[in-house]
Amino acid sequence: MDLALTDADLAFQAEVREFIATYWPEDVRRARATSSRFEESRGHSPEVRRWIDALNERGWAVPNWPQQWGGTDWNPTQKYIWDKETAKAECPQLSAFGARMLAPVLYTWGTEAQQNEFLPKIREERMIWCQGYSEPGAGSDLAGLATRAVREGDEYVVNGTKLWTSGAHVADWMFCLVRTESGAKKQEGISFVLIDMKTPGITVNPVYILGGIHSVNEVELKDVRVPVENLVGEENKGWTYAKGLLTHERTGIAGVARSEVQLARLKRIAQETGMDGGTLWDDPAFRTRVTELEVDLEALSVTELRVLAQVAQGGAPGPESSILKIRGTEIGQAIAMMTIEAFGYYGMPYPEQTLIDNEGPIGNPYVMPTMKGMLYGRASSIFGGSNEIQKNIISKAVLGL
Amino acid sequence: MDLALTDADLAFQAEVREFIATYWPEDVRRARATSSRFEESRGHSPEVRRWIDALNERGWAVPNWPQQWGGTDWNPTQKYIWDKETAKAECPQLSAFGARMLAPVLYTWGTEAQQNEFLPKIREERMIWCQGYSEPGAGSDLAGLATRAVREGDEYVVNGTKLWTSGAHVADWMFCLVRTESGAKKQEGISFVLIDMKTPGITVNPVYILGGIHSVNEVELKDVRVPVENLVGEENKGWTYAKGLLTHERTGIAGVARSEVQLARLKRIAQETGMDGGTLWDDPAFRTRVTELEVDLEALSVTELRVLAQVAQGGAPGPESSILKIRGTEIGQAIAMMTIEAFGYYGMPYPEQTLIDNEGPIGNPYVMPTMKGMLYGRASSIFGGSNEIQKNIISKAVLGL
Amino acid sequence: MDFSLSEEQTLLKDSLERFIQNDYDFDTRRKVMAGEEGFSRENWKQFAELGWLAVPFAEEDGGIGGGAIELMIVMEQLGRGLVVEPYLATVILAGGALKYAGNEAQKGAYLGAIIEGSKMGALAFAEPQSRFKLADVATTATADGDGYALSGHKAVVLGGPSADFFVVSARTSGGPRDADGITLFLVDGDAAGLSRRDYPTVDGLRASEVTLDGVKVGADAVLGTVGGGHAVLEQVIDEATLAVGAEAVGGMEVCYKDTVEYSKQRVQFGQPIGKFQVLQHRMVDMFMEYEQAKSMMYLAAMRLDEGYGAVAKKAVSGFKVQVGKSGRFVGQQAVQLHGGMGMTEELNIGHYFKRLTMIDTTFGNVDFHLKRYGAV
Amino acid sequence: MDFSLSEEQTLLKDSLERFIQNDYDFDTRRKVMAGEEGFSRENWKQFAELGWLAVPFAEEDGGIGGGAIELMIVMEQLGRGLVVEPYLATVILAGGALKYAGNEAQKGAYLGAIIEGSKMGALAFAEPQSRFKLADVATTATADGDGYALSGHKAVVLGGPSADFFVVSARTSGGPRDADGITLFLVDGDAAGLSRRDYPTVDGLRASEVTLDGVKVGADAVLGTVGGGHAVLEQVIDEATLAVGAEAVGGMEVCYKDTVEYSKQRVQFGQPIGKFQVLQHRMVDMFMEYEQAKSMMYLAAMRLDEGYGAVAKKAVSGFKVQVGKSGRFVGQQAVQLHGGMGMTEELNIGHYFKRLTMIDTTFGNVDFHLKRYGAV
């Protein structure tokens, strides 16, 4: 039982740090972290493009994929180091829907043609994906989805409405759960298909999130014709693939490293915020609450390490892995709320982008990205299986209730 | 809208204070509050007897009863003043089972004979009652009770086991819910009977509560013969009476005044507890938490006033009355836990009574009564309808869910 | 001991309720917010006609002589409607300073205009370094001829963009955080040397950064006594704290009730989500938080009306602590239980959440008021 | 990065688990507690035979050279069994002081006896006014011939009643709360002038108030350096904090698992109460609190084994914060979900609750360790 890194690990860490310093230097990082263009900062500025290209050149774009598709041979500790260092430096990530959500399904269940066609483009971030899962009537109860795909010759004809589809307005393709059969159990009869967003019959309607953020959409599908070769795996087995995918990437889900960055930022902001002639950081009440969060986060970080160590030894993650998402989102949300609180009155200004472009930010430059992150972050305990659903799952799977 | 007391109210308050100063003076109060004889302190020392006799002589023993049975003509504000002043002075109360639980049933649904026989004795605290409701298989699900009463001639023959029966070991009589018919709904077929504890077939087994406190019991009833004239109201309607009784006394249930006394005591203890050369009260962290409790308690106290004011104007208590018990027990438990925490290491000693009698208390004299109160107080969120059950009720009755 | 409203108070409440229900639905509000000024002059005129702008002012000044309870009634309803018109800024903050410190001439010049809706004002009290401490004033007022010259930076001045005049706190003597030596000044919105940077706030209001660069005012611009502004500020801000707290209570009521209604209609797993026990208990918790906040609101209003002093200050701080905690919980859970819908701009819930979040840090957060509550 | 136990560690854990399971059921514990001494000398002998009393001591002193991880393993299991034998007092507290500060002669005289189970000890460090501050020592040691005379009052000395010897902190120089000037002394249990008032604690242990009235000791009774006792104390108490924390983690595991089991069996309203969603989520929360505490336990143990310094101190304090919060929640909810049964002396749950509650204030409560965590 020990937490020491081996010499090899340390050498690797140094290598990663150097790579980051070269391709994602401090000034780029700060510019992006203070950008009030929250949504757009998720897209591809020249700096982001350069970073992604460098990743691909170095072979580090998709560490977790199988090596044959561009993955690395890193051991779990190295992967952990990579995640930690890139998160600490707030490096951009590949769009998660392609690289983290779809790719594992494709390299596990996809046809060779699908793998050859899509995996390289995802790895190079030359093809952006969105995820067509939720529907107006199927949120927490995802399996209650109603979008239908009817086979006609070599095509499926798809009709229905998807909701909360992140990035549908910028996506090239969508991977989508559709009902191909009305089974006895609602989990049956669902298929997993890939849809080109340029196919006729697709309408993308923006859904503005609190703060006027455009990130999610409603996607209407009206007689959308999808070639049968775009079915992934077997017909009616889509739920299995989607579920496997939901539990695929355990680590990272807790957002520990990101929260560590945010917590460090909160402390710095408190140290720079005036109060009573000193700073907010001198206030024992505020400091106590930040310290409480720090302990919570450290505990979660060790829990994540425990999961990682199990995987490193070839074991399956233990029950403690199930708490990562719940605690991770709770802590992330709490940090965001406390940062808003730290700003005091300066948490309120929410100027239009043109004003910021012309005259600079109002108050602390971190206000706008923090506020947008806080508002958007409320979704973290709702989307992808709400925390209530997570507890139902733990109750059943771990406690046997 | 105002909180002012009228001149008449103020005069009444002065009268009450004088009465208390005479019959329950400060030294008696302190001796009782620091007594480690937690259980026995609920019984009848000469001082308590004197207080109860004085109450009866003055006609103040049972303010809430109808005047014909010895109640007062006080308005709700006067009742509030009485409750507040007696709680502040930690005056003993009549045994709640007789005076608060049974009596309303008797003066509402009892026969004249029952009323004449029992009410005066309860008022004078010459007859101690216990409540035979819960059973091993019927806790939160009280209506699931299984004790049966079979009519044989002029008697019911009662068989079954009651559990958590407070004070059964000192009680003269028990009011008891028994099943007289197996109805379609489990709430039907229950009857409300009065049982003399000296009747053959009754065995009282002590159940020791955490800390070795003997307050509750298991009561075995084996072929216990109860005269039919001891049935209250109609046969099979007992559930109605018991339920009415459960919602009868709204105010007081929050324990606001008692919590105020405990909170004031906690502050004083913190001011007397050494820390870093000063006192615990100088510690901002501790003080903040006490202040938070103080605000919680003040809010609850105003909520209670709102309920009282509604009743004063002849209205029914609004939905806010339903929160009194939940918040009251939460706050009471939190104060007790913080007081234990204030004692530090001196929260641990739990000497036997003989040691205390011979050599005095160890550390702060409030330790033993606080610890016993804290342990016993865990039951406040369980017994009499657990807080979970309370929330189920509010969810249905107030929110319509 | 009486928690019921008088006849006049009930009429006032009814008139606000009617307005919110009939003339201020969520779509109307959105349109109003999207306009140039971020609120409706039309509505403001109506407020004046309905007498709402006269509520806290004495009858001899043309007001209706309302107290804290009347302000509470107004703000609770404005909170239910998430009303963006700058009632707080003009009537309670700027108007409050005039009410407590104005001489006859000043009241004559401004209060009548506020009441009839022809002038709007703002109170510029906070500064970039001040956080919630009213005595932390770096803006200076130096003697200049018969009058003063004001220089400094006033932060996040609510209602600043529409203000025809400002009440500005400035230091005429004393050290940087001394309570003594702060003076309040009436400053015209178009005074030379005063510039504003206007912006919307995240919760749908408008505010300004106000920069004063040697703004000249006459001696008659002094509101109250020279150096004695802090006591006025404290009382005005305590009333305003009651006001935003009441607004929050109104918002919480909508949040919890709408969530209950939503949970009865939203079906998942074959039943309304309101049938799930965990959500039921969560909504019970929301209800309880709302009721506790309401209790503290009543207490604060009644204590303020009994007279301004330690007891009232404590009650106001206690109320703000409760509002901070309850508002946060109720707002967050309303969003959570509405699921994705709670996250959208289209639905009201998220907007209440934003306003509740911002009210927590307006006039002092929980930490600030807990300390004040414990110290009074 | 490795969270697995070595073979020796696994054997140690297994031997404890076996003992708890086979020889320390709840009834046995009750009988043991009811005895004169409140624990079993028989069990103590067995602890010695199984080598548990040797765990933290160096091999050259007859120990097995275990570190913090081994202590953690032992204490977690003792916590699961709610073991009342004074392992903490003798092996970790008194033994720890000897381990870190004892000279050869002292180790020779005491450690062997501890390891073979023939001597028990206690650490008398707290005083009525000291709360959790180790440097707050009013007990004095004044020079007396070749040795010292000790006078003062030591509070709530765990294991005091059975102690053959005490390690006592006393002030040889410096002001009342100076870290410098505290000296540790070995004092025989039957020394003239030493008196104890023995009593049971609410969580089933035994402790004493120890009064020293001019107790004479020789210069050879000084443990470590004169005036340098504080550093030793701090390290011993940090190890002991890990120990009681691990004990709490063991207790929490039983609490949450027993509650889950109970909820599957207890039927109300026609179904096992474990089918009610609110209780399900509550038990999930208990599980999560337990796992988080366990994570911090691992961290603290590993950091202590990496070497004693700021990093280790911080990890220990973080662990104690987590244990305080988690232990309280898990203990309270275990009682709540067991309903009336949780309240009784007959069932184990309430006893875990009591021990968890007392661990919260042992060696510093949440406030104390939060502050220390933030300051390190």
Side-chain angles (χ1 to χ4, degrees), chain A residues 134 136-144 163-164 186 207-213 216 273-277 280 283-286 288-289 333 337 340-352 355-356 359 362-363 367-368 371-372 374-376 378-379 381-383 386-388 391-392, chain C residues 126-133 136 155-158 175-177 197-205 207 209 266-270 273 276 278-279 282 324 328 332 335-346 349-351 353-354 357-358 360-368 370-371:
Chain A
S134 297
S140 285
D141 182 14
L142 186 58
L163 194 56
W164 317 122
K186 62 187 175 180
V207 177
Y208 291 96
I209 287 293
L210 287 180
I213 299 167
V216 301
T273 299
M275 177 165 161
D276 261 339
L280 176 56
D283 178 24
F286 193 84
T288 299
R289 290 193 289 135
Q333 290 178 339
M337 287 302 269
I340 300 296
E341 207 180 328
F343 292 133
Y345 287 113
Y346 273 123
M348 298 183 89
Y350 202 76
E352 276 143 46
L355 188 79
I356 301 175
E359 306 180 37
I362 292 160
V367 168
M368 284 294 282
M371 181 56 82
K372 287 187 171 180
M374 183 281 273
L375 293 172
Y376 195 74
R378 296 312 311 176
S381 54
I382 298 172
F383 290 166
S386 71
N387 283 4
E388 289 81 7
K391 288 191 184 178
N392 285 348
Chain C
E127 301 189 356
Q129 82 293 342
S130 68
R131 204 162 170 82
F132 308 123
K133 194 184 182 81
D136 192 338
V156 196
V157 181
L158 288 174
R177 284 173 301 283
R197 186 176 176 191
D198 300 339
Y199 48 82
T201 66
V202 71
D203 49 349
L205 308 179
E209 298 300 289
R266 171 72 174 170
V267 173
Q268 290 282 278
F269 304 102
I273 62 171
F276 291 100
V278 158
L279 304 191
R282 195 85 54 83
R328 186 167 279 213
Q332 291 181 0
V335 170
Q336 181 74 19
L337 268 60
H338 273 82
M341 287 310 296
M343 291 290 304
T344 64
E345 285 271 303
E346 291 167 59
I349 285 300
H351 297 267
F353 163 68
K354 291 195 293 182
T357 303
M358 286 301 107
D360 181 29
T361 44
T362 301
F363 310 132
N365 62 352
V366 171
D367 291 343
F368 178 89
L370 257 183
K371 208 165 161 184

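Order of the sequence lines sets the chain letters (A, B, ...), proteins ahead of strands, with each chain counted from 1. Just so it is clear, the values below take in all heavy atoms, side chains as well, and ignore hydrogens, waters and symmetry mates.
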Undergrad: Among A:Val207, A:Leu280, A:Asn387, A:Ile340, which residue has the highest count of heavy-atom pairs closer than 4.5 Å to chain C?
TA: A:Leu280

Undergrad: Give, as side chain, backbone, both or neither, the part of C:Leu158 having an atom under 4.5 angstrom from any heavy atom of chain A.
TA: side chain

Undergrad: Under 4.5 Å heavy-atom distance to chain A, tell me which part of C:Ala155 shows up: side chain, backbone, both or neither.
TA: both

Undergrad: Looking only at non-hydrogen atoms, find the nearest pair between A:Met337 and C:Thr357 and report the distance.
TA: CE-CG2, 3.8 Å

Undergrad: Heavy-atom distance under 4.5 Å to chain A: side chain of C:Ile273, backbone, both or neither?
TA: neither

Undergrad: How far apart are the closest heavy atoms of C:Asp198 and A:Leu355, and which atoms are they?
TA: O-CD2, 3.9 Å

Undergrad: Taking ring-ring contact (aromatic ring centres under 6.0 Å, His included) as the definition, give me every residue that meets it alongside A:Tyr345, ordered by chain and number, with sequence neighbours left out.
TA: C:Phe125, C:Phe132

Undergrad: Counting C-beta onward and ignoring hydrogens, is there a side-chain heavy-atom pair between A:Asp283 and C:Asp367 closer than 4.5 Å?
TA: yes

Undergrad: Checking A:Pro284 against chain C: side chain, backbone, both or neither under 4.5 Å from a heavy atom?
TA: neither

Undergrad: Give, as side chain, backbone, both or neither, the part of A:Met371 having an atom under 4.5 angstrom from any heavy atom of chain C.
TA: side chain

Undergrad: How close do C:Val156 and A:Pro349 get, heavy atom to heavy atom, and via which atoms?
TA: CG2-CG, 4.4 Å

Undergrad: Treating A:Glu341 as the side-chain partner and C:Asp360 as the backbone partner, does any N or O pair qualify as donor plus acceptor under 3.5 Å?
TA: no

Undergrad: Can you tell me which portion of A:Asn392 sits under 4.5 Å from chain C's heavy atoms? Options are side chain, backbone, both or neither.
TA: neither

Undergrad: Please answer whether the main-chain N or O of A:Ser381 pairs with a side-chain N or O of C:Gln336 as donor and acceptor at a distance below 3.5 Å.
TA: yes

Undergrad: Could you tell me whether A:Asp276 and C:Arg177 make a salt bridge, using a distance below 4.0 angstrom between a side-chain N and a carboxylate O?
TA: no

Undergrad: What part of A:Leu163 gets closer than 4.5 Å to chain C, counting heavy atoms only: side chain, backbone, both or neither?
TA: neither

Undergrad: Do the non-hydrogen side-chain atoms of C:Glu345 and A:Ile209 ever get within less than 4.5 Å of each other?
TA: no

Undergrad: Indicate the atoms forming the closest heavy-atom contact of A:Pro351 with C:Tyr199, along with that distance.
TA: CB-CB, 4.1 Å

Undergrad: So for A:Glu359, is it side chain, backbone, both, or neither that comes closer than 4.5 Å to the heavy atoms of chain C?
TA: both

Undergrad: Tell me, side chain or backbone of A:Lys391 under 4.5 Å from chain C's heavy atoms, or both, or neither?
TA: neither

Undergrad: Between A:Ala138 and chain C, which part of the residue has a heavy atom less than 4.5 Å away: side chain, backbone, both or neither?
TA: backbone

Undergrad: Quick one: what part of A:Met374 sits under 4.5 Å from any heavy atom of chain C, side chain, backbone, both or neither?
TA: side chain

Undergrad: Ignoring hydrogens, what is the shortest heavy-atom contact between C:Gly340 and A:Phe383? Give both atom names and the distance.
TA: CA-CE2, 3.8 Å

Undergrad: Tell me the closest heavy-atom pair linking C:Arg131 and A:Thr273, and the distance in Å.
TA: NH1-CG2, 3.9 Å

